[in-house]
Amino acid sequence: MLIKIKGPGEVTESEVTSQDLYLDRRRFLRLGAGSLLTAAALSNEIWQPALAGNKLAHVIKGPYTVDEPLTPYESVTTYNNFYEFGTDKEDPSRLAASLKARPWKVIIDGEVARPGSYDIDDLIKPHTLQERVYRLRCVEAWSMVIPWVGVPLADLLKRFTPNSRAKFVRFETLYDPKQFPGQRRSVLDWPYIEGLRIDEAMHPLTLMAVGLYGEVLPNQNGAPLRLVVPWKYGFKSIKSIVRITLTEQMPVNTWARSAPDEYGFYANVNPQVDHPRWSQAKERRIGDYFKRETLMFNGYGAEVAPLYSGMNLRKSF
Ligand code: MTE
């Protein structure tokens with residue numbers, strides 16, 4: 001079936017289904033048309049509802065949760081950085097309806113024993129979903145506290161058996177200017193690429209998120225699959241991932257390619273190393289009036305500082 005995908009200018013706010021209306025439609029489907037669904041499709045839907053706003057079932061409380069007031073859902077989903085939709089904070093929530101998060105394939109390749117292209121649901125299904133409340137500190141000196149839902153990246157990668165040459169992990173966002181209007185402009189070198197060292201990727205804090213606030217990830221937050229690395233600046237947390245490649249060489253990440261003097265590969269939150277154009281010593285928690293001190297490794301030093309022992313973090317920024 002061919003579906004005409006609307007351009008960004010063609011989508012008006014009134015066309016975007018409100019959450020209430022959307023949930024009513026789901027209820028109607030369950031009551032009325034539900035009998036038309038096969039048992040397999042139904043059970044699949046119950047374990048992993050595919051659309052933004054659906055409640056995720058069987059989520060357990062995960063470790064490493066911070067006990068700090070949550071940033072309201074409204075701010076988490078309307079104040080975003082997702083340049084594939086535009087460079088303004090409101091662009092992603094305004095335009096994100098053009099992204100189709102299902103069906104969705106993720107390629108896992110490179111230095112692994114079992115490379116392949118996997119459906120997102122098959123990728124996530126064997127894992128128990130965990131809710132973890134993490135701080136997110138953006139390089140632009142604002143921060144949020146977000147209840148993510150996801151699975152540890154290490155658990156996912158281990159299933160594909162990385163070999164001894166796997167020293168880094170490279171992540172790639174979908175490239176499709178029809179779905180991502182921002183990709184029609186060369187603001188960045190598309191597709192968006194990020195990378196981690198293998199020990200960072202395997203660290204138990206590193207999460208592959210499929211949801212937030214107990215619901216399927218909204219498109220503007222990186223549906224259907226995004227990385228969350230809470231001790232690094234937010235730009236490492238790449239959204240809408242279609243490819244995960246285990247590599248021997250350090251990948252060149254998008255921001256380091258576009259401005260190597262300003263953004264490095266490591267991007268560990270570090271209040272002592274300023275960005276060339278602004279200080280990183282303080283940050284504004286979204287919703288707060290006063291700024292607060294930025295914490296080394298975003299407050300996750302006890303867990304991650306040993307990963308960098310002996311390294312000069314001014315040089316490896
Ligand atoms: N991933 C992609 N593909 N494109 C982007 O522009 N922006 C990054 C990161 N991941 C970005 C991305 C930046 S700069 C930040 S701060 C976080 O996403 C923001 O995540 P949030 O909008 O869910 O808060």
Side-chain angles (χ1 to χ4, degrees), residues 61-83 87-93 130-150 194 196 200 203-207 209 211-214 217-218 220-222 226-239 255 259 261-309 311-314 316-317:
K61 294 270 171 225
Y64 304 112
T65 284
V66 297
D67 188 14
E68 289 173 29
L70 301 180
T71 304
Y73 179 88
E74 177 71 11
S75 308
V76 174
T77 57
T78 58
Y79 188 86
N80 300 102
N81 271 341
F82 200 169
Y83 278 26
T87 51
D88 289 344
K89 298 286 180 277
E90 315 77 49
D91 287 341
S93 56
Q130 299 181 8
E131 179 172 84
R132 296 176 173 197
V133 178
Y134 282 170
R135 300 180 200 99
L136 179 123
R137 167 61 158 82
C138 186
V139 74
E140 297 162 319
W142 50 264
S143 63
M144 296 192 187
V145 177
I146 302 175
W148 299 107
V149 178
E194 259 309 334
L196 294 173
E200 299 175 323
H203 193 281
L205 269 171
T206 305
L207 200 68
L212 54 81
Y213 268 100
L217 210 54
Q220 58 269 35
N221 294 91
R226 70 163 296 162
L227 186 65
V228 181
V229 199
W231 71 95
K232 292 179 179 282
Y233 291 119
F235 71 83
K236 296 297 284 184
S237 293
I238 179 173
K239 297 174 167 181
W255 282 102
D261 299 337
E262 302 189 13
Y263 309 102
F265 174 80
Y266 284 95
N268 291 317
V269 174
N270 189 340
Q272 289 142 31
V273 177
D274 288 339
H275 185 277
R277 290 182 282 132
W278 62 84
S279 163
Q280 293 291 22
K282 294 192 173 187
E283 70 199 53
R284 193 184 307 282
R285 180 75 42 94
I286 296 298
D288 284 2
Y289 181 74
F290 293 109
K291 287 188 177 173
R292 63 178 66 206
E293 306 281 322
T294 284
L295 303 172
M296 186 66 200
F297 297 117
N298 204 20
Y300 297 94
E303 289 86 10
V304 302
L307 296 178
Y308 309 102
S309 58
M311 278 178 65
N312 180 341
L313 297 181
R314 273 181 194 282
S316 301
F317 60 93

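Excluded from the calculations below are hydrogen atoms, water molecules and symmetry mates; all remaining heavy atoms, backbone and side chain alike, are included. Everything numeric in this text was worked out from a predicted model, so none of it was measured.
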Set of residues satisfying ring-ring contact (aromatic ring centres under 6.0 Å, His included) with respect to Tyr233, sequence neighbours excluded: none
Treating [X] as the side-chain partner and [Y] as the backbone partner, does any N or O pair qualify as donor plus acceptor under 3.5 Å?
X      : Y      : value
Trp255 : Glu194 : no
Lys236 : Pro230 : no
Tyr300 : Tyr134 : no
Arg285 : Arg292 : no
Thr206 : Glu200 : yes

Non-hydrogen atoms of [X] and [Y] that approach each other most closely:
X      : Y      : value
Trp142 : Ile286 : CB-CD1, 3.8 Å
Asn298 : Arg135 : O-NH1, 2.9 Å
Ala209 : Leu217 : O-CD2, 3.7 Å
Thr77  : Ser93  : O-CB, 3.3 Å
Ser279 : Lys282 : OG-N, 4.5 Å
Met311 : Ser316 : CE-CB, 3.5 Å

- request: Identify the residue among Lys232, Met144, Gln280 that makes a side chain to side chain contact (heavy atoms under 4.5 Å, CB included) with Arg137.
  value: Gln280
field: Option from Asp288, Thr294, Val269 for which side chain to side chain contact (heavy atoms under 4.5 Å, CB included) with Glu283 holds
entry: Thr294
Atom [atom1] in [X], atom [atom2] in [Y]: separation rounded to 0.5 Å?
X      : Y      : atom1 : atom2 : result
Thr71  : Leu136 : OG1   : CG    : 9.0 Å
Tyr289 : Arg284 : OH    : CZ    : 8.0 Å
Tyr213 : Glu131 : OH    : CD    : 9.5 Å
Thr78  : Gln220 : OG1   : CD    : 8.0 Å
Asn270 : Leu313 : CG    : CG    : 6.0 Å
Asp88  : Asn81  : CG    : CG    : 10.0 Å

- prompt: So Tyr83 and Asp91, side-chain contact (heavy atoms from CB on, under 4.5 Å) or not? Walk me through it.
  reply: CA-CA 8 Å; Tyr83 278 26; Asp91 287 341; over 6 Å; no
task: Report the C-alpha separation of Trp231 and Leu307 in whole Å, then their side-chain angles, then the decisive distance to 0.1 Å, and conclude whether the side-chain contact (heavy atoms from CB on, under 4.5 Å) test is met.
output: CA-CA 12 Å; Trp231 71 95; Leu307 296 178; 4.0 Å; yes
task: Specify whether His203 and Tyr64 have parallel, tilted or perpendicular ring planes, treating 30° as the upper limit for parallel and 60° as the lower limit for perpendicular.
output: tilted
message: Over 60° means perpendicular and under 30° means parallel, so tell me whether His275 and Tyr263 are parallel, tilted or perpendicular.
response: tilted
- request: Walk me through it: do Asn80 and Lys239 pass the test side-chain contact (heavy atoms from CB on, under 4.5 Å)?
  value: CA-CA 11 Å; Asn80 300 102; Lys239 297 174 167 181; 4.3 Å; yes
task: Look at Lys89 together with Glu140 and state whether they make a salt bridge at an N to O cut-off of under 4.0 Å.
output: yes
query: Are any of the side-chain heavy atoms of Ile146 and Val228 separated by less than 4.5 Å?
result: no
